[in-house]
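In what follows, a structure is listed as structure tokens, so that the remarks can point back to it.
Here, residue 1 is the first one in the sequence, and each next residue gets the next number.
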Amino acid sequence: MQQSSSETVAQRIAAILRRHDVEFIFGQSLPSAVILAAEANGIRQIAYRQENMGGVMADGYARVSGKVGVVAAQNGPAATLLVPPLAEALKASVPVIALVQDVERDQTDKNAFQDFDHISLFQSCTKWVRRVAVPERIDDYLDAAFTAATSGRAGPVALLLPADLLRAQVQAPAIPRSKNLGHWPLDRTRPSDSALAEVASLIAVAKAPVVIAGGGVHCGGAAEELSLLQQQACLPVFTTNMGKGAVDEYHPLSAGVLGSLVGPRSLGRHSSVLVERADLVLLVGTRTNQNGTDNWSQIPSGATVVHIDVDPAEIGRNYESVRLVGDARETLAALRAAFTGVDLTKRHADRTYLEECIAAYWKDFELDRHDVATSSASPIRPERLMSELQTLLTDDVMIVADASYSSMWVLGQLRAPAGGMRFITPRGLAGLGWGVPLAIGAKTARPDKAVVAIVGDGGFAHSWAELETMMRMNLPVTVIVLNNGILGFQRDAETVKFGSYTSACHFAEVDHAKLAEACGCPAVRVEDPSELAYHLQRGMKQGPLLIEVMTDPAAHPPLSLFARLDEAA
């Protein structure tokens, strides 16, 4: 777009956003000057009902689109509600830019309406936060914001925009900026050839190497390279929770999600033996966090750990490692090239044995869960729902889940039919209530794909209002509410730790289908498992639809925390 010689800062911001390929702003009309200018410039506002949810929508959009998610908000209490989603984006390495209105420049520190120290507010939950004071620097600051969000380990940033600054006139810069910085990762880096050659040799001679792939594979767009590595070097691949879908889980060398999903009726109960026996563990884009390693217990102390990560500080954080600092896609591609200099005969010789082992693990898993996955009982077992949903999964479907049990049912019960398929879960900080807004953001990014959000009744209570957003913005999602009338994880964790649980765990009866209908969203309550298949197909083909599934309150995912409880039952 041709810039005029003089325009307002808000108009300049809109033009800069377009240069960075921004198509959507998740906002609620504020900062008004920016939103008005953006809409005049062809940028669509996805108008959320609450800032917490808007920030999560921007996160979901960024994860799926490969572009930066932009969220806008007023100063004061609205800005404070951005802290949780920005913290999630920081931990999950997702680029989100928060454009936050601030009080006028001459009103700072005078107790102006909703004045607050926003810089201190955002310092703990962003990579970078600045307040713009000079109109002529707006191009510099916005480009710096996009650079900070998309470079290195991606993450959120906040840019504070005083209200009077947005109205100020600004001249076109003498040396205009032209680069598009709105896609991520911005830079593609890889380790040295010598470091890669060393790791290639280590893998070639290892007795029992395994790969554990994390969310960095998705962040780096590295799923194809990981699949090629798996095939070329005959390596069994596990994923973390956030890495789910990084490889085709029907590939004979794919061993599914591990982490804390190792209790009775889990795949990990069988497959974890491969990691226990490993003498080399190749970590790809993972934080080696508590849930992803089952309390840091799964990687053998005697194994050589090789860690690929774009963030140098993550390598060696919990396991001393051979360091491969770089973008996951470029590093895996370069590692595959390094394999041409080594003999992979041993790897290929072990392939048949590994495939037989992994096939047996999947078979044992299916046998273990058969009774619950095929159960005709009411209330409905979540495993039965997952079994019905599995038949509809293709790489044209995106599954989004809320935190807590919703995530665990999805990650542990569904099987990815294609590498690179997205299972989007808020596992950075695992905040409850984010399933629906993540799904709305994902649908904004890919309206051509069917998006299914799976949420518990506890988490859904945080985000009921955003059904109205979904309908008003014409972003049809299939929302499945697992209604068991209880905060399941809280009840079960307290029971394991204390032998009892608090009164807050039980809810009053809520008709979620009526709530959806009040927002204009078609809805159905399902109590008979034989009706699940029909309504799932209906939702995914026609959408939007809320399916309230009355689920068994006694059911919980096969987490290690509950293993003793389950075995004693």
Side-chain angles (χ1 to χ4, degrees), residues 209-215 217-218 221-259 261-262 265-275 282 284-285 332 336 347-348 350-370 372-374 383-401 407-425 449-450 452 454 533 536-537 540 557-558:
V210 301
V211 177
I212 300 177
V217 174
H218 291 301
E224 182 178 356
E225 287 296 338
L226 179 60
S227 295
L228 291 171
L229 179 84
Q230 178 184 42
Q231 186 70 16
Q232 180 183 2
C234 303
L235 293 171
V237 176
F238 293 85
T239 72
T240 66
N241 296 326
M242 290 187 67
K244 175 78 171 181
V247 289
D248 176 359
E249 289 182 322
Y250 286 90
H251 188 286
L253 288 171
S254 294
V257 175
L258 194 57
L261 286 165
V262 292
R265 291 201 184 106
S266 71
L267 173 65
R269 194 168 186 83
H270 306 287
S271 63
S272 59
V273 68
L274 279 184
V275 177
L282 174 61
V284 185
L332 289 173
R336 290 200 310 107
R347 297 280 67 77
H348 288 273
D350 292 343
R351 178 165 184 153
T352 299
Y353 168 75
L354 287 169
E355 289 183 354
E356 290 174 350
C357 289
I358 291 171
Y361 303 149
W362 283 102
K363 181 179 179 181
D364 289 342
F365 171 49
E366 295 295 346
L367 289 172
D368 288 350
R369 67 170 176 169
H370 181 265
V372 287
T374 61
E383 297 95 334
R384 172 67 188 270
L385 169 65
M386 296 298 115
S387 179
E388 297 289 353
L389 184 57
Q390 182 70 59
T391 65
L392 302 175
L393 288 193
T394 69
D395 57 2
D396 283 326
V397 177
M398 284 190 288
I399 303 296
V400 182
S407 292
M408 295 298 104
W409 290 124
V410 164
L411 299 172
Q413 297 293 317
L414 296 180
R415 193 170 180 178
M421 184 176 173
R422 297 311 301 270
F423 295 82
I424 301 170
T425 58
K449 286 186 177 285
V452 179
I454 299 172
L536 288 171
Q537 292 181 46
M540 292 170 70

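- Using a 4.5 Å heavy-atom threshold, the side chains of Thr374 and Ser387 count as separate.
- Here Leu229 contributes atom CG and Leu282 contributes atom CG; the two are 7.0 Å apart, rounded to the nearest 0.5 Å.
- Partners of Arg415 by salt bridge (charged side-chain N to carboxylate O under 4.0 Å, His left out), not counting sequence neighbours: none found.
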> Should Leu226 and Val211 be marked as a side-chain contact (heavy atoms from CB on, under 4.5 Å) after you check the CA-CA gap, both sets of side-chain angles, and the distance that decides it?
Replying inline: CA-CA 10 Å; Leu226 179 60; Val211 177; 4.2 Å; yes
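- A search for side chain to side chain donor-acceptor pair (under 3.5 Å) contacts involving Arg369 returns Glu366, Gln413, not counting sequence neighbours.
- Side chains of Asn241 and Met408 form a contact here, defined as non-hydrogen atoms less than 4.5 Å apart.
- Side chains of Val237 and Val284 form no contact here, defined as non-hydrogen atoms less than 4.5 Å apart.
- The shortest side-chain heavy-atom distance between Ile399 and Leu393 falls under the 4.5 Å cut-off.
- With sequence neighbours excluded, no residue forms a side chain to side chain donor-acceptor pair (under 3.5 Å) with Arg422.
- For His348, the side-chain contact (heavy atoms from CB on, under 4.5 Å) partners at least two apart in sequence or on another chain are Cys234, Leu344.
- Summarising the geometry, atom CD1 belonging to Ile424 is positioned 10.0 Å from atom CE belonging to Met242; distances are rounded to the nearest 0.5 Å.
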Considering only distance and modelled atom types, tabulate donor-acceptor pairs under 3.5 Å from the side chains of residues 243-251, sequence neighbours left out.
| unit_1 | atom_1 | unit_2 | atom_2 | d |
| --- | --- | --- | --- | --- |
| Lys244 | NZ | Glu249 | OE1 | 2.8 |
| Lys244 | NZ | Glu249 | OE2 | 3.3 |
| Lys244 | NZ | Leu411 | O | 3.2 |
| Lys244 | NZ | Leu414 | O | 2.5 |
| Asp248 | OD1 | Tyr250 | N | 2.8 |
| Glu249 | OE1 | Ala416 | N | 2.7 |
| Tyr250 | OH | Gln390 | NE2 | 3.4 |
| His251 | ND1 | Leu253 | N | 2.9 |
| His251 | NE2 | Gln231 | OE1 | 2.8 |

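- Residues satisfying the salt bridge (charged side-chain N to carboxylate O under 4.0 Å, His left out) criterion with Asp368, sequence neighbours excluded, are absent altogether.
- Side-chain contact between Thr240 and Ile212 is present, with heavy atoms from C-beta onward closer than 4.5 Å.
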Side-chain donor-acceptor pairs of residues 354-364 under 3.5 Å, sequence neighbours excluded:
| unit_1 | atom_1 | unit_2 | atom_2 | d |
| --- | --- | --- | --- | --- |
| Glu355 | OE2 | Arg351 | NE | 2.6 |
| Glu355 | OE2 | Arg351 | NH2 | 3.2 |
| Trp362 | NE1 | Ser254 | O | 3.0 |

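- Residues passing the side-chain contact (heavy atoms from CB on, under 4.5 Å) test with Ala233 are Leu235, Phe339, sequence neighbours excluded.
- Partners of Asp395 under the side-chain contact (heavy atoms from CB on, under 4.5 Å) rule, at least two apart in sequence or in another chain, are Ala418.
- Trp409 has its side chain out of reach of Leu385: every pair of non-hydrogen atoms, C-beta onward, lies at least 4.5 Å apart.
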